[in-house]
Structure formats: structure tokens, C-alpha cells
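Treat the numbers as computed from the prediction; the structure is a model and nothing was measured. In what follows, chains carry the letters A, B, and so on, assigned in the order in which the sequence lines appear, proteins first and then strands, with residues in each chain numbered from 1.
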Number of protein chains: 2
Amino acid sequence: MRIGELAARAGTTTRTLRYYESRGLLPARRDDQGYRSYDERDLRLLQQIRTLQDFGFDLEETRPFVECLRAGHPEGDSCPASLVVYRRKLDELDALIGDLRAVREQVAGQLARAERARDALGAESLVPGGPEPRCELGGQER
Amino acid sequence: MRIGELAARAGTTTRTLRYYESRGLLPARRDDQGYRSYDERDLRLLQQIRTLQDFGFDLEETRPFVECLRAGHPEGDSCPASLVVYRRKLDELDALIGDLRAVREQVAGQLARAERARDALGAESLVPGGPEPRCELGGQER
DNA sequence: GTAAGGCTTGACGCCGACGTCAAGGCAACA
DNA sequence: TGTTGCCTTGACGTCGGCGTCAAGCCTTAC
């Protein structure tokens, strides 16, 4: 099969396949026209790469899985190097999720505080002294 | 104060300040030498930007906060446009955290499955028929 | 004959938030 | 007088994973 067919079957583009080849991740044989030639095993490798990419693995992190498959193992994660990547990715995800949750709480707190302040200002306008400067920028207050 | 001092006081770099100015986020006056000149209010604006950046807001998202402060409000989030950004960021964070948690579970599942398979293969080597292909690539098995 | 479609390599574009280098100006200090 | 240190503008580099031309070859269909 040629590059266009492989790309279509994997739901990706020819540009992506050439890029993978340029990175040494998915080398291709050539037919007598000089066209890249792939088989079902290449499709399998490509699917492995795409699955991991969907998980947010970057290209280098997929390499152990691809090499594992190419070495004849039944699954891309049948080799210890792949398990190492899994575990490192789990740690990264846990750290990232933790950071994001902390940020989320910070932002939620800021929002709550700002809304309280706004409501307090709203009450102030019902009181002698009158209101403070209105926002003249950005906010559509219809 | 000049650009170097402001950068140092805000814990950032002169390049960053020039970049913010190029984006129209933090314009500077000029002294008679043509040097950028800042005051304490600019430091306040800059701190607002940096805080939001630390939260993962991109530059454009900080703009309403900066304009709010510049309009004379006591806080960057004293304007409705800023609250809109807060809420949108919360939604984005929730979505992202949800996605990452789903990915985390997927990866954890894959790791568990792969480890079970490895252990099953280990047991197989204690049994007639002998073991299957070993990994010859990548993994340091000491 | 020629147009269409697939393939080739090469190379520049993109995004965001700057880093880094170049060439030069101004001021203070030894 | 020269050196140091701050400032100026301009412009190219970075990172990842491709997108998007450009120019040209090969084959098949009309």
C-alpha cells in the first residue's frame, strides 16, 4: 500500500507519515517507482503511535512502543521500556492534574471574592454617597 | 523607574516588558533620553498580568483585568469582563481536568493489563514449551 | 494530447511567549 | 579616555507537530 492509502486507513495525513519517517519512527520501503510502500504491520505501528498521541504522549515517548512491536512482541507495551513510559506518564498526569486543581480552586476563590465585592458595591449605590466609577471598557452591560 | 528596575521588581525580564508593550498591554511613557519610564501603577498592572499568567491565563485573557485597573477600579477583577474571563477559565479547567483524569485512567488500565500479561509470561517460563521472544531493544534489564 | 490524481523532495509558515544576538547611543566612574 | 552598564530598535531562534505551497515525475482515463 502507498502513503495515501495508509494515511486514509489510519485517519491521518501523508504529511504526518512523512514527518514520522523523518523522525525515524516509521521508516518506509520503496517500490520501483520510488514511492513509499507500507504493509499491514506498518498500519499496526501507526495505530499504536496514534493511540498514544491521543493520550497526550509526545512522539519520542511512543518510540519504545513502536520498537517493541517491531521486535516481534505481541503488544507495544510488552517491553519494560514501554512500562517505564507508562509509569512516568502517570506521574506526570498526577502532577499536572494536581496543579490544575490547585489553580482551579485559586480561580474559583478569586471569582467568589470579586462577586462578593461587586455585590457589596451594588448595595452601596442604595446608600448615601452614591456609586463609584463604572467600567467603561470591555464589558457589554446592554 | 526604567525598564530594568521594573523587570527586576516584578521578577521578570526587560524582554518580556517590551513584548507586553508590543502587544499593547503595557505601554510605556518615555523620558527625555528616549528610555521607557514606568511608575508604581505600572508595577501593579504588571503584577496583575504575572499572577494571571501563573494561573495559565494567556496574555489576551489578562487584558480585561489590566484595562479594568487602568480605568481606575480598585482590583483587576472589579469589572464584569474580568468575571467573564474567570468563569470561562473555570469551565476550561474543569473540562481539561476531566479529560486528563479520563486519560489517566486509560493509561493506568493499560499499565495494569501490560503488567498482568508480563507476569503471565513469567509464569509461562516455568512451564513446558519455554518462554517467548525477549526484548532486545531499549529496556535496561540490568 | 492532456487533464486528473497520486507521488516525490524541499522549504517556509504557524502558534505563544518570549530568549538571544547585533549594532549602536547615553551617562557615570576610574 | 576608556570601560562598564544601562538603554534603544530590529530581527532571527526556540519548541512540536505538523499545514501548506512549489515544482516536477508517473500513470491512467478521456
N/O donor-acceptor pairs under 3.5 Å from side chains in residues 93-101 of chain B, not counting sequence neighbours:
| from | atom 1 | to | atom 2 | distance (Å) |
| --- | --- | --- | --- | --- |
| B/Asp94 | OD1 | A/Arg104 | NH1 | 2.6 |
| B/Asp94 | OD2 | A/Arg104 | NH1 | 2.8 |

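Out of C/dT9, D/dC7, D/dG19, the shortest distance to the side chain of A/Arg36 is found at C/dT9. The side chain of A/Thr16 has D/dG19 as its nearest neighbour among D/dC6, D/dG19, C/dC7.
The nearest pair of heavy atoms linking B/Ser78 to B/His73 is CB-CB, 3.8 Å. Closest non-hydrogen pair, A/Glu61 versus A/Arg88, comes out as OE2-NH2, 3.4 Å. The two residues B/Thr62 and B/Leu25 have their closest heavy-atom pair at OG1-CD2, 3.5 Å.
DNA chain C is contacted by no residue of residues 39-63 of chain A, taking any non-hydrogen atom closer than 4.0 Å. Annotation: proximity of residues 18-30 of chain A to DNA chain D (heavy atom, distance under 4.0 Å) is found for A/Tyr19, A/Tyr20, numbered in ascending order.
If you take CG of A/Asp31 and C1' of C/dG6, they are 12 Å apart, rounded to a whole angstrom. Atom-to-atom, CD of A/Glu5 to C1' of C/dC7 comes out at 14 Å; the value is rounded to the nearest Å. Atom C1' of nucleotide D/dC6 and atom CG of B/Leu17 are separated by 14 Å, given to the nearest angstrom. Rounded to an integer number of Å, the gap from B/Arg2 CZ to D/dG5 P is 14 Å. Rounded to whole Å, the distance from CZ on B/Arg15 to C1' on D/dC12 is 11 Å.
Transitive grouping of hydrophobic side chains (ILVMFWY, heavy atoms separated by less than 4.5 Å) brings A/Leu17 and A/Ile49 into a common cluster. Note on A/Leu6 and A/Leu69: same hydrophobic cluster, where clusters join Ile, Leu, Val, Met, Phe, Trp and Tyr whose side-chain heavy atoms are under 4.5 Å apart, directly or indirectly.
Between the side chains of B/Arg113 and B/Gln110, at least one donor N or O lies within less than 3.5 Å of an accepting N or O.
Taking 4.5 Å as the limit, every side-chain heavy atom of A/Leu59 sits out of range of all side-chain heavy atoms of A/Arg63.
Sequence neighbours left out, the pairs with a member in residues 77-96 of chain A that pass ring pair (Phe, Tyr, Trp, His ring centres under 6.0 Å) are A/Phe65-A/Tyr86. Under the ring pair (Phe, Tyr, Trp, His ring centres under 6.0 Å) criterion, no residue pair touches residues 15-61 of chain A, with sequence neighbours excluded.
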Tabulate protein N/O versus nucleotide N/O from nucleotides 23-28 of chain D, keeping only pairs under 3.5 Å, one per line.
none

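Annotation: B/Arg23, atom CZ; neighbour count of heavy atoms from other residues, nucleotides and ligands within 6.0 Å does not exceed 12.
The phosphate of C/dG19 has OP1 or OP2 within less than 4.0 Å of a side-chain N or O from B/Thr13.
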